[in-house]
Number of protein chains: 2
Amino acid sequence: MSRDTTGQLASAAAASPLQIDLARRILERIRDSGWAVGTRVSVPDLARTFGVSRSPVSAALELLVAQGILAGFETRGLQLARDVAEIDPEDILPSSPLEDLYRRMMRDRSLGELPQDVSEAELMPRYEVSRGVIRKLLLRFAAEGLVQRLPGHGWRFAESLVGEDAYRESYEFRIVVECAALRSPMFRADPQLLAPVRRAHERILSTILEGKSLASGDEWFRVNASFHEGLAACSGNRFLADAVRQQNNLRRLQESAGFEQLPGERLEQSCREHLAILGAVEAGETEWAEALLRQHLRQASEFASPARAP
Amino acid sequence: MSRDTTGQLASAAAASPLQIDLARRILERIRDSGWAVGTRVSVPDLARTFGVSRSPVSAALELLVAQGILAGFETRGLQLARDVAEIDPEDILPSSPLEDLYRRMMRDRSLGELPQDVSEAELMPRYEVSRGVIRKLLLRFAAEGLVQRLPGHGWRFAESLVGEDAYRESYEFRIVVECAALRSPMFRADPQLLAPVRRAHERILSTILEGKSLASGDEWFRVNASFHEGLAACSGNRFLADAVRQQNNLRRLQESAGFEQLPGERLEQSCREHLAILGAVEAGETEWAEALLRQHLRQASEFASPARAP
DNA sequence: TAGTGCATTTTGTGCAAATGAAAAGCACAA
DNA sequence: TTGTGCTTTTCATTTGCACAAAATGCACTA
């Protein structure tokens, strides 16, 4: 059976971004819920969970079948075919060409290979993609404040790409919002929300302690995001929760485009700090939790000015 | 000479948005610099000032010529033909159909005539515009946090501020964010930013004191928004500023249904409170300003649970 | 020397058809 | 009932082209 460069089955029809995304989330869900081999996988159930129709879910499951993670029952339907604890979603799923391009453009700009002012027509042949793709990317950059439209023709990159300014401001904002979340009068530690977060942290911590490096940097980013979003969600204030989620979304791509990796020790420390904060929250000691959280964020910001951070 | 419904010369070729925008800015520049009738108007000079090429500037000047504001020299070139102090740019320049549609959609949503979840295909026939236009509008709403893409198909409008909970949460969020803005270490009272805000408040206040009612409810909304956004902008933290702006957008969505009127006395009080806060900020007494602001927001929230508020 | 008017080139937008993907419906099986 | 497998329908993205608008160059003049 022939495989292409990314290790995917070449025979599979091209998967849509939504399908790939769903496949990843389904995989994570299976892993975090600890399903046993042989468990039935229900399409309508997953479709409800993720708020989409059955079509893309079916296609996503097909991807997983192609990877040998799922298999058909003898009669019909699908079941879990093997243990997924050791599987890293990033390794087996195709990566989006759009995200690759995003990183590439960002790198090119920071290396000075792209001028400050660019036109769409200039970028099209350079990256060998259609105008639509370029537009989409530029709009995304613009939403993140990394680029802005010039009147008339062209776009201009911001002075500092991932500049220290933006970093400082981002951390300041997060301290404000997340601490306010803990202090909110409606704050309630929701075990159903926080338990999976705790499990994910414990899993990561044990991975580190076994001396293995993390499967992917992206994994830590996700767990980190789930921690902060989970806390904010407990605040009972949708706007605080939204603000935290928004920050995470904004930073996701920039982080993954970053060059420096977070050293293992720092990662371990972050993980422990998160667990400590979770402990304080679950014990109802929100003031102590707030102090820990503030300290955690401050350290993180000092640690990594223009680098990835917890 | 025939004129269309907006009072424009019908004969003129359709002007592009950039041209209209330039015409307005040129007009404001002429007015604010107090040019005398007969002053020469230089195209390359204006082009440099606004960072565009000469083409759109020429076209913008054509618009002004058509309005009798500029006239050709006998030989060549253009000159100012009349005093512009009394001219309101809004009155003479064509208005963008996109802007009108933006308001219309917002109003329809706030009145419940649009469902929370919409598809592009559903909006196209409803507003009788092409997909491109719908798309552009939805992207704009999305950038303002009023709408978000659903996975798969469709878009979803943000939870509106209906209901006690949402209101309370919104005020809690604003207190957190705006007070943090005042406390930000990078906070600098920028006169260039705050002076127009102050002037607008004084204008409104004097209008009230003369016993006249406000020109439009929308006017107070805009001034109010500019106050809060202006303060946040002084924080030097773009995320704080964005968060405030987003809240205002949400509120605007709510109020574009626009039936509730703020009683005159409450409006006057809000106005005075704003001015007091501005005074404290300009005097560098940010702590006092913060106390005032917190009080102001708290009162506003108590005053108007499900109604318009400052 | 800077500005104008016009011509040319470059760049971006709008539209419609074609393609691809998701939603919705239905018969049937466990 | 709930889930599956398939089909049909609806919806959205892509693509290519025609057109509109902005940028640029040049000859000419005050």
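Only heavy atoms go into these numbers, but all of them, side chains included; no hydrogens, no water, no symmetry mates. Chain letters run A, B, ... following the sequence lines, proteins first and then strands; every chain starts at 1.
Listed by residue number, A:Ser42, A:Val43, A:Pro44, A:Arg48 are the residues of residues 42-53 of chain A with a heavy-atom contact under 4.0 Å to DNA chain D. Non-hydrogen atoms lying under 4.0 Å from DNA chain D are contributed by B:Arg131, B:Arg135, B:Arg149, all within residues 127-151 of chain B.
Between the side chains of A:Asn248 and A:Arg245, not a single donor N or O lies within less than 3.5 Å of an accepting N or O.
Mapping A:Gly152 and A:Arg76 onto DNA chain D by nearest heavy atom places A:Arg76 closer to the 5' end of the strand. Summary of the strand contacts: B:Pro17 and B:His153 both lie near DNA chain D, and taking for each the nucleotide with the nearest heavy atom, the more 5' one is attributed to B:His153. Closest-nucleotide positions on DNA chain C for B:Ser55 and A:Ala121 were compared, and the one nearer the 5' end corresponds to B:Ser55.
Within 6.0 Å of the CZ atom in A:Arg149, the count of heavy atoms belonging to other residues, nucleotides or ligands exceeds 12.
Rounded to an integer number of Å, the gap from A:Trp155 CH2 to C:dT11 P is 16 Å. The distance between atom CD of B:Glu122 and atom C1' of D:dA12, rounded to the nearest whole Å, is 14 Å. Across the protein-nucleic acid pair, B:Arg156 atom CZ and C:dA23 atom P stand 12 Å apart, rounded to whole Å. The distance from atom CD of B:Glu120 to atom P of D:dA12 is 5 Å, rounded to the nearest whole Å.
Using a 4.0 Å heavy-atom criterion, one finds that A:Val41 contacts the sugar-phosphate atoms exclusively. Contact annotation for B:Arg40: backbone-only contact, meaning every heavy-atom pair under 4.0 Å involves sugar-phosphate atoms and none involves a base. Looking at heavy-atom distances under 4.0 Å, A:Gln19 makes contact with sugar-phosphate atoms alone, never a base.
No salt bridge links A:Arg104 with A:Asp100; every basic N to acidic carboxylate O contact stays at or beyond 4.0 Å. B:Arg238 and B:Asp242 are not joined by a salt bridge, as no carboxylate oxygen comes within less than 4.0 angstrom of a charged side-chain nitrogen. Between B:Arg140 and B:Glu99, at least one side-chain N (NZ, or NE/NH1/NH2) sits under 4.0 Å from a carboxylate O, which counts as a salt bridge.
Between A:Pro125 and A:Glu122, the shortest heavy-atom contact is CD-O, 3.5 Å.
If you take CG on B:Leu61 and CG on B:Leu27, they are separated by 11.0 Å, rounding to the nearest 0.5 Å. Put simply, CZ on B:Phe141 and CE on B:Met105 are 5.0 Å apart, with the number rounded to the nearest 0.5 Å.
The side chain of A:Arg54 sits closest to D:dT4 out of D:dT4, D:dT13, C:dG12.
A:Ser96 places a side-chain N or O within 3.5 Å of a backbone atom of A:Leu98 that can act as its donor or acceptor partner.
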